Amino acid sequence: MVDVIVAGGGPTGLMLAGELRLHDVHTLVLEKDTEPSGQSRGQGLHARSVEIMDQRGLLDRFLAVSEKFQVGGLFGGIIKPWPERLDTAHAYGLATPQPVTERLLDERARELGAEIRRGCEVVGLRQDEDGVTVELADGARLRSRYLVGCDGGRSTVRRLLGVGFPGEPSKVETLLGVMELTEDPAVVAAVVAEINKTQKRFGAVRVGDGEGLYRVIVPAAGVAEDRASAPTLEEFKRQLRATAGTDFGVHSPRWLTRFGDATRQAERYRVGRVLLAGDAAHIHPPTGGQGLNIGVQDAFNLGWKLAAEVDGWAPEGLLDSYHAERHPVGARVLENTRAQMTLMGADPGATALRELFSTLMDFEEVNRYVTGIITAIGVRYDFGEGHDLLGRRMRDVTLKRGRLYELMHSGRGLLLDQIGLLSVAGWADRVDHVVDVSEELDVQAVLLRPDGHVAWVGDDQQDLRNHLPKWFGAAASS
Ligand SMILES: Cc1cc2nc3c(=O)[nH]c(=O)nc-3n(C[C@H](O)[C@H](O)[C@H](O)COP(=O)(O)OP(=O)(O)OC[C@H]3O[C@@H](n4cnc5c(N)ncnc54)[C@H](O)[C@@H]3O)c2cc1C
């Protein structure tokens with residue numbers, strides 16, 4: 001029997017597969033499409049995802065194919081300078097098209113030993129005490145101990161579980177495509193700048209290297225009954241003319257799609273042996289570019305917990321902490337995209353609100369706060385009362401011998417001990433003990449979970465021993 005079947009080989013499923021394989025979990029990814037679509041929805045990684053890639057030794061691969069960007073705010077289409085003193089050693093985003101992110105995560109998952117089967121659509125599931133039976137469209141049946149639905153916004157797994165997906169349906173729809181333009185680039189830029197004063201869901205941005213290709217977005221006339229049906233070039237032209245008075249001479253589309261602003265969240269991220277992650281668990285408009293990022297972050301939270309269950313050392317409640325921690329994060333992202341959509345409206349009230357909000361974002365503190373929301377570096381899980389670091393992910397710090405994040409590639413827990421008097425005896429098979437010092441860290445020791453969130457701060461061995469079981473289970477008998 002397979003340990004974990006991951007339904008869906010998008011960024012969330014591929015990230016999860018890699019995380020599970022770090023712990024030797026027998027992992028099978030089932031992806032319904034026979035080939036990657038090549039369509040770039042997500043445009044890049046925000047700081048928290050950049051940190052994650054660094055924590056797993058993947059950052060160099062991303063840096064080799066991505067431009068860094070430092071755009072502050074990124075809220076409601078209001079662009080501001082990058083704020084000072086953001087709490088991260090990775091104070092930038094990476095412009096990485098989604099297909100590239102998927103390729104890199106796919107490569108990593110395979111290198112680590114995950115099996116990825118394309119052309120396999122999950123259509124049924126049944127769970128019992130020992131595992132889950134997964135049915136494929138061709139009638140084949142597979143058995144696994146756990147199943148994770150990473151199968152996108154229209155998740156079949158979520159539907160089969162009967163998990164509610166409350167929220168709002170789409171009220172507006174936007175057309176998106178990559179195509180060639182005959183219009184002079186300077187004219188295109190001037191028209192976009194003018195239209196953007198009142199309509200934020202409009203743009204034509206150069207993509208690719210010298211191919212004259214543009215990524216074009218424009219509001220649709222209404223909300224299509226079937227969002228899966230691609231718009232035609234004619235529909236695109238019509239909407240461009242209606243919005244901007246010109247269609248820029250668009251032609252030769254590479255791909256065309258449409259997206260809405262439906263905002264919904266799964267009521268539960270876990271039902272027994274089946275879990276949901278990424279767009280399967282939450283959908284929202286792409287404002288601020290957060291969806292792929294929080295999907296990857298869901299996977300980062302879930303991977304080690306599920307591996308602990310499979311390995312048999314998970315303390316009670318560890319797997320349920322996935323919902324407890326990630327559901328509120330998802331809910332807050334939904335809230336911020338609702339706020340952004342209101343700010344992006346084209347009516348005079350929204351325009352006035354946008355101007356006011358833009359002025360507020362000129363205050364460094366506000367810009368930093370908003371950037372912390374969008375980049376997800378501000379996320380703090382509720383681990384109870386305690387030190388200010390508790391529940392936050394720890395930023396990378398320079399140590400006497402290297403950097404903190406270089407020590408986290410294995411996906412194990414980590415005790416960073418600046419006094420050299422502590423011990424993880426009993427948990428050494430799950431937690432690394434590093435004695436080193438950093439000028440950037442003014443606590444004596446921190447215990448980090450495999451996802452880099454701070455589980456304990458202190459200097460007392462007995463206190464540490466009291467906290468280790470909460471995340472790492474019972475001590476091994478020596
Ligand atoms: C226009 C647009 C722009 C965006 N820009 C950004 C951005 O800049 N930054 C950002 O972070 N996010 C952005 N997003 C959101 C981002 O694209 C999604 O959040 C992200 O793709 C979610 O990843 P996922 O792996 O959870 O789901 P998906 O990418 O949807 O992957 C799900 C996979 O599951 C497969 N699948 C579906 N059903 C089944 C089944 N029954 N069996 C097997 N496989 C199945 C699908 O084929 C797919 O490959 C944008 C979205 C849109 C629409």
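Bear in mind that the values here come from a model prediction, so they are computed numbers and not experimental data. Note: hydrogens, waters and symmetry copies are ignored here, and every other heavy atom, side chains too, is used.
Screening residues 414-430 for side chain to side chain donor-acceptor pair (under 3.5 Å), with sequence neighbours left out, gives Asp417-His433. Within the structure, the salt bridge (charged side-chain N to carboxylate O under 4.0 Å, His left out) test picks out the following pairs touching residues 87-111 (sequence neighbours left out): Glu19-Arg108, Arg61-Glu111, Asp87-Arg393, Asp87-Arg395, Arg103-Glu107, Asp106-Arg110. Screening residues 33-46 for side chain to side chain donor-acceptor pair (under 3.5 Å), with sequence neighbours left out, gives Ser40-Gln43. Pairs passing the side chain to side chain donor-acceptor pair (under 3.5 Å) check and including a residue from residues 271-285, sequence neighbours excluded, read His282-Asp298. Within the structure, salt bridge (charged side-chain N to carboxylate O under 4.0 Å, His left out) contacts touching residues 127-137 (residues at least two apart or in different chains) are Asp128-Arg143, Glu135-Arg141.
Residues forming a ring-ring contact (aromatic ring centres under 6.0 Å, His included) with His90 (at least two apart in sequence, or on another chain): Tyr405. Residues satisfying the salt bridge (Lys or Arg N to Asp or Glu O under 4.0 Å) test with Arg380, not counting sequence neighbours, are Asp388. Scanning for ring-ring contact (aromatic ring centres under 6.0 Å, His included) contacts around His23 gives an empty result, with sequence neighbours left out. Shown here are the salt bridge (Lys or Arg N to Asp or Glu O under 4.0 Å) partners of Glu365, two or more places apart in sequence or in another chain: Arg368. Among residues two or more places apart in sequence or in another chain, the salt bridge (Lys or Arg N to Asp or Glu O under 4.0 Å) test is passed with Arg159 by none. Partners of Glu440 under the salt bridge (Lys or Arg N to Asp or Glu O under 4.0 Å) rule, at least two apart in sequence or in another chain, do not exist in this structure.
With a 6.0 Å radius and a threshold of 12 heavy atoms from other residues, nucleotides or ligands, Tyr369 has its OH atom at or below the threshold. Under a cut-off of 6.0 angstrom, the local environment of CZ in Arg403 is crowded, with over 12 non-hydrogen atoms contributed by other residues, nucleotides or ligands. More than 12 heavy atoms of other residues, nucleotides or ligands lie within 6.0 Å of CZ in Arg338, so this atom counts as buried by the packing criterion.
For Arg158 and Phe165, the positive end sits near the middle of the six-membered ring, less than 6.0 Å away and at most 45° from its axis.
When every heavy atom of Gly124 is checked against every heavy atom of Leu160, the shortest pair comes out as CA-CD1, 3.6 Å. Nearest heavy-atom pair, Val397 versus Ser438, reported as atom, atom and distance to 0.1 Å: CB-OG, 3.6 Å. Contact record, Gly8 with Val29: O-CG1, 3.8 Å, taken as the closest heavy-atom pair. The heavy-atom pair separating Asp460 from Leu422 by the smallest distance is C-CD2, 4.1 Å. Nearest heavy-atom pair, Leu16 versus Ala299, reported as atom, atom and distance to 0.1 Å: N-CB, 3.7 Å. Annotation for Arg465 and Ala425: closest pair NH1-O, 3.5 Å, computed over non-hydrogen atoms.
Between the side chain of Gln98 and the backbone N or O of Gly42 there is at least one donor-acceptor pair closer than 3.5 Å. In this structure a side-chain-to-backbone donor-acceptor pair under 3.5 Å is missing from Asn336 to Ile374. Between the side chain of Thr263 and the main chain of Asp261, a donor-acceptor pair closer than 3.5 Å is present. For the pair Asp151 (side chain) and Ala7 (backbone), a donor-acceptor distance under 3.5 Å is absent. Remark: side-chain polar atoms of Asn293 are paired, donor with acceptor, to backbone N or O of Gly44 under 3.5 angstrom. Here the side chain of Asp432 pairs no donor or acceptor atom with the backbone of Leu414 at under 3.5 angstrom. Within the 3.5 Å criterion, the main-chain N or O of Leu86 finds no donor-acceptor partner in the side chain of Thr88. At distances below 3.5 Å, at least one donor-acceptor pair connects side-chain atoms of Tyr322 with backbone N or O atoms of Leu276. Checked by atom type and distance alone, the side chain of Asp436 pairs as donor or acceptor with a backbone atom of Arg401 at under 3.5 Å. Under a 3.5 Å cut-off, the side chain of His327 and the backbone N or O of Ala281 do not form any donor-acceptor pair.
The distance from atom CZ of Arg21 to atom CG of Leu112, rounded to the nearest 0.5 Å, is 7.5 Å. To the nearest 0.5 angstrom, Thr287 atom OG1 is 8.0 Å from Phe75 atom CZ. The distance from atom NZ of Lys200 to atom CE of Met344, rounded to the nearest 0.5 Å, is 7.5 Å. Note: Ser155 OG to Leu161 CG = 7.5 Å, rounded to the nearest 0.5 Å. Remark: Asp451 CG to Leu302 CG distance equals 10.5 Å, nearest 0.5 Å. To the nearest 0.5 angstrom, Asp54 atom CG is 8.0 Å from Asp60 atom CG.
At a threshold of 4.5 Å between non-hydrogen side-chain atoms, the residues Tyr269 and Leu275 do not count as touching. Within the 4.5 Å cutoff, side-chain heavy atoms of Leu136 are placed close to those of Val122. Considering only heavy atoms from C-beta on, Phe472 comes within 4.5 Å of Leu447 through its side chain. Between Val454 and Leu448, the closest side-chain pair of non-hydrogen atoms falls below 4.5 Å.
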Candidate pair Thr101 and Phe62, rule side chain to side chain contact (heavy atoms under 4.5 Å, CB included), full reasoning: CA-CA 8 Å; Thr101 297; Phe62 277 89; 3.7 Å; yes
From CA spacing to verdict: side chain to side chain contact (heavy atoms under 4.5 Å, CB included), Gln297, Val329: CA-CA 10 Å; Gln297 291 154 24; Val329 170; 5.7 Å; no
Stepwise side chain to side chain contact (heavy atoms under 4.5 Å, CB included) test for Met53 and Leu104: CA-CA 11 Å; Met53 298 311 159; Leu104 295 176; over 6 Å; no
Candidate pair Gln127 and Val271, rule side chain to side chain contact (heavy atoms under 4.5 Å, CB included), full reasoning: CA-CA 10 Å; Gln127 55 175 322; Val271 179; 3.9 Å; yes
Side chain to side chain donor-acceptor pair (under 3.5 Å) assessment of Trp456 paired with Asp463: CA-CA 9 Å; Trp456 175 83; Asp463 193 39; 2.9 Å; yes
Which donor-acceptor pairs under 3.5 Å do side chains of residues 304-319 form with protein atoms, sequence neighbours excluded?
residue: Trp304; atom: NE1; partner: Asn301; partner atom: O; Å: 3.3
residue: Lys305; atom: NZ; partner: Asn301; partner atom: OD1; Å: 2.7
residue: Lys305; atom: NZ; partner: Ser321; partner atom: OG; Å: 2.9
residue: Lys305; atom: NZ; partner: Glu325; partner atom: OE1; Å: 2.8
residue: Glu309; atom: OE1; partner: Tyr146; partner atom: OH; Å: 3.4

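A salt bridge links Glu51 with Arg48: at least one charged nitrogen is closer than 4.0 Å to a carboxylate oxygen.
Each of Val296, Leu292, Thr375 was scored for a side chain to side chain contact (heavy atoms under 4.5 Å, CB included) with Leu45, with one residue passing: Leu292.
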